[in-house]
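Notes for the one structure printed next.
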Amino acid sequence: MNSTATPQNSAAPEPAPVPRSTSRGREILGRVWAAPMGRIAVLMITALVLVACFAELIATHNPTDQVLTATNEPPSWMGGEGGHLLGTDPLGRDVFSRILVGLRLSLLIGFLTATATAVIGLTLGLLAGYYERFVGGFLMRMADIQFAVPFAAVGIALAAFAGPSVVLLMLVLAFWGWTNYARTIVSSVQQTKRLDFVTAARTTGASPVRVLVRHITPNVLGPVIILWSTSVGTLILVESSLSLLGLGVQPPGFSLGSMLADAQKTLRLAWWSAVFPGVGITLVVIAFNLLGDSLRDAFNPSLSSLAENDPELT
Amino acid sequence: MLTYLVRRLALIVFVAVGVSTLLFVLVRLSGDAAALMAPADASPEVIASTRARFGLDQPLAVQYLNTVTANFTLDFGQSFMFSLPASQMVFERLGPSLWIVLPPLVISLLGALSIGIYASLRPSRLSGRSLMVVTFLFDGVPYFWLAMLLVLVFSINLQWLPATGNAGFSALVIPWTVLSIYGLATLSRLTRGQLLDAFTEGHVITARSKGLSPARVLLLHALPTALPPVLAWLGIQFSLMFSALLILEPLLNYNGLGALLVGSVSNRDFPVIQASVFSLAVLITVMNILMDTIVRTVDPRLRTKAAH
């Protein structure tokens with residue numbers, strides 16, 4: 001991926017110093033790739049995304065075909081018939097193929113919602129930190145209220161009033177999640193705006209928008225990216241959990257979560273249709289948690305073992 | 001300390017008003033409030049009488065004031081389904097829900113402290129590392145899937161535990177296990193991280209270099225430094241666990257607040273929805289304030305800051 005920043009000499013125990021000329025983004029990516037944990041995360045996520053994109057090519061059966069003569073067929077390695085790698089569900093659909101295709105919707109929901117949340121959270125966090133007194137006070141009190149109301153309660157109530165809809169769910173999730181971002185960045189926005197280079201920009205006549213975008217945002221982007229990466233997994237979890245109550249993805253569409261919801265009723269007959277989609281969700285969440293952790297290390301090298309070796313810190 | 005307490009109490013009032021406002025706005029946004037508050041497929045006459053009964057024919061400002069003041073006296077009206085006061089139904093379910101949340105909360109704290117201390121004392125040894133790998137993996141396991149797996153293994157296959165219901169102690173084993181693991185995974189990683197940071201702090205290094213026993217260094221110097229963020233997270237964990245109840249209780253047929261809320265949403269039992277969300281919000285706020293106060297008492301750095 002980014003071979004320039006990986007250690008050229010693997011005999012040396014410390015990571016190679018990152019060349020100063022590379023941009024900050026490349027430097028971070030290089031650090032992520034240089035750490036074993038980060039490399040595993042990147043490889044896992046690449047594999048998951050590839051599988052989701054080319055699901056139909058890998059799938060052994062049509063994921064929506066209901067074969068009523070082959071319902072609750074155990075996995076083929078357990079003696080099931082019809083070559084179903086992970087068995088069939090109570091409607092005779094191939095679990096393996098459905099997991100591959102269901103992964104696509106789960107990842108899409110996670111990516112889109114996480115990105116929307118990050119944009120809203122970054123914007124409101126910047127405003128709350130820049131206009132400390134009124135806007136900031138108001139937004140942070142809003143955050144206090146939102147914090148006290150579990151999202152699931154809001155999602156459930158809204159879905160019941162407005163009818164279950166994934167798009168609505170994603171919108172509400174995006175508007176609910178901003179508090180995490182705002183709480184995380186608001187104090188560093190407040191600190192950054194008092195630094196000399198920001199004052200300099202302001203006195204030369206830069207507009208508030210320009211100051212916020214060009215001068216303050218780069219300084220708070222780290223935590224936002226870290227939060228984004230862990231929230232992809234969390235959001236996929238939330239969608240799955242609401243699917244269990246019938247409020248997530250509606251048929252004929254299906255995600256890993258709605259597969260779990262379908263399987264929940266027939267746990268006794270076909271455990272494989274509940275167990276394997278759950279394995280899929282777990283893998284996705286672990287991959288994004290790993291990425292979040294390695295991004296955190298990459299942004300704060302002082303916390304990791306890099307500390308002694310990073311020339312910029314000493 | 002007094003100003004601190006007053007400000008915290010004001011926060012409860014503030015959250016209560018905020019949540020009432022939120023519910024008020026949500027209901028008004030989703031169309032005809034009277035049709036929404038009336039039971040599903042009600043006739044026009046019933047909707048009209050609902051409108052009159054809830055004062056929905058009055059100006060919005062009056063409606064808003066009435067709603068907020070009624071919420072503060074815990075008067076949410078009668079449940080449509082059971083013709084009981086909604087607040088009474090919520091209070092009856094609160095006990096069972098606390099009973100499945102609080103023991104796992106204590107277990108996660110104690111477990112996280114043990115795991116965190118053990119792993120932070122051996123950060124580079126195999127035992128410490130593998131413990132962290134295990135907690136990391138469990139952090140990715142969806143709690144509702146874990147519950148389904150436990151039901152599958154212990155209730156369906158082995159038949160050791162009842163799968164569902166409020167059938168005494170044995171029915172609590174699965175929810176307690178699920179929530180404990182849910183809390184343990186994050187909390188033990190946090191504890192270890194905080195302890196490792198604390199070991200690099202000046203006063204802990206001083207304590208060690210002046211020859212105190214490792215146990216004294218840990219208990220009297222490192223742990224008090226590491227504990228506040230862990231306790232603060234416990235408050236967040238409490239609200240996370242209560243969110244999880246909304247999914248777990250229907251899944252395990254346990255009759256708590258979560259199942260009540262989910263059930264009353266599908267029945268469109270509006271007074272009960274309002275009462276449950278309101279009580280949940282106040283409960284979570286109180287719990288967080290409690291944790292915040294404990295953190296303040298434990299952490300001397302915050303105490304001096306408050307004196308300024």
Side-chain angles (χ1 to χ4, degrees), chain A residues 37 141-142 144-163 172 230 233-234 236-238 240-247 256-257 260-261 263-264 267-269 271 274-275 277-290 293 296 302-303 305 307, chain B residues 11-12 14-19 21-23 26-27 29-31 36 136-137 139-146 148-149 151-153 155-157 163 193 196-197 236 239-240 242-248 250-251 258 261-262 264-268 273-274 276-277 280-285 288:
Chain A
M37 201 169 76
R141 295 294 80 73
M142 283 287 292
D144 282 339
I145 300 177
Q146 284 200 10
F147 181 73
V149 187
F151 171 76
V154 181
I156 290 167
L158 209 70
F161 297 151
V172 181
T230 41
T234 315
I236 290 174
L237 276 185
V238 172
S240 307
S241 64
L242 290 177
S243 281
L244 283 182
L245 301 176
L247 304 173
L256 293 177
L260 263 190
Q264 170 201 345
L267 219 48
R268 236 168 255 276
L269 296 170
W271 58 263
V275 169
V279 174
I281 300 177
T282 310
L283 280 179
V284 175
V285 176
I286 286 178
F288 280 98
N289 282 351
L290 261 182
D293 271 19
R296 185 170 295 129
S302 56
L303 296 179
S305 53
Chain B
L11 180 68
I12 301 183
F14 178 73
V15 166
V17 175
V19 171
T21 314
L22 190 78
L23 284 166
L26 269 186
V27 173
L29 274 185
S30 40
L36 202 63
F136 187 83
L137 294 180
D139 210 10
V141 174
Y143 61 89
F144 43 88
W145 183 60
L146 188 63
M148 288 164 83
L149 289 186
V151 167
L152 193 65
V153 173
S155 307
I156 296 178
N157 282 355
L196 284 181
D197 284 353
I236 296 174
S239 73
L240 288 177
F242 253 95
S243 306
L245 283 191
L246 299 182
I247 315 294
L248 278 183
L251 189 71
L261 177 56
V262 172
S264 52
V265 163
S266 48
N267 294 331
R268 307 222 304 172
I273 300 175
Q274 199 155 18
S276 342
V277 175
L280 260 181
V282 172
L283 189 67
I284 288 174
T285 313
N288 276 296

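Sequence lines set the chain letters: A, B, ... in the order given, protein chains first and strands last, and positions in each chain run from 1.
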Is [X] in contact with chain B via its backbone, its side chain, both, or neither, using a 4.5 Å heavy-atom distance?
| X | result |
| --- | --- |
| Thr234(A) | neither |
| Val279(A) | both |
| Ile236(A) | neither |

Over all atoms of both residues, closest heavy-atom pair of [X] and [Y]:
| X | Y | value |
| --- | --- | --- |
| Leu237(A) | Pro142(B) | CD2-CB, 3.4 Å |
| Gly18(B) | Ile145(A) | CA-CD1, 3.5 Å |
| Pro250(B) | Leu245(A) | CG-CD2, 4.0 Å |
| Leu260(A) | Met148(B) | O-CE, 3.6 Å |

For the interface with chain A, which of [options] has the highest count of heavy-atom pairs at distances below 4.5 Å?
| options | value |
| --- | --- |
| Ser264(B), Gly193(B), Ala281(B), Ala244(B) | Ala281(B) |
| Ala16(B), Ser243(B), Gly258(B) | Ser243(B) |
| Leu280(B), Leu152(B), Thr285(B) | Leu152(B) |
| Phe14(B), Phe242(B), Tyr143(B) | Phe14(B) |
| Val277(B), Leu137(B), Val17(B) | Leu137(B) |

For Asn288(B), what residues pass the side chain to side chain donor-acceptor pair (under 3.5 Å) criterion, not counting sequence neighbours?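 None.
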Side chain, backbone, both or neither of Leu11(B) within contact of chain A (heavy atoms, under 4.5 Å):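 Just its side chain gets close to chain A.
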Identified side chain to side chain contact (heavy atoms under 4.5 Å, CB included) partner of Leu244(A) from the options Leu248(B), Ile247(B), Leu246(B):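 Of all the options given, the one that passes is Ile247(B).
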State which residues pass side-chain contact (heavy atoms from CB on, under 4.5 Å) with Val141(B); sequence neighbours excluded, sorted by chain then number.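 Listed in chain order: Thr282(A), Phe138(B), Trp145(B), Leu146(B).
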With chain B, which of Ile281(A), Leu242(A), Asp293(A) has the greatest number of heavy-atom pairs at distances under 4.5 Å?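 The option with the most such pairs is Asp293(A).
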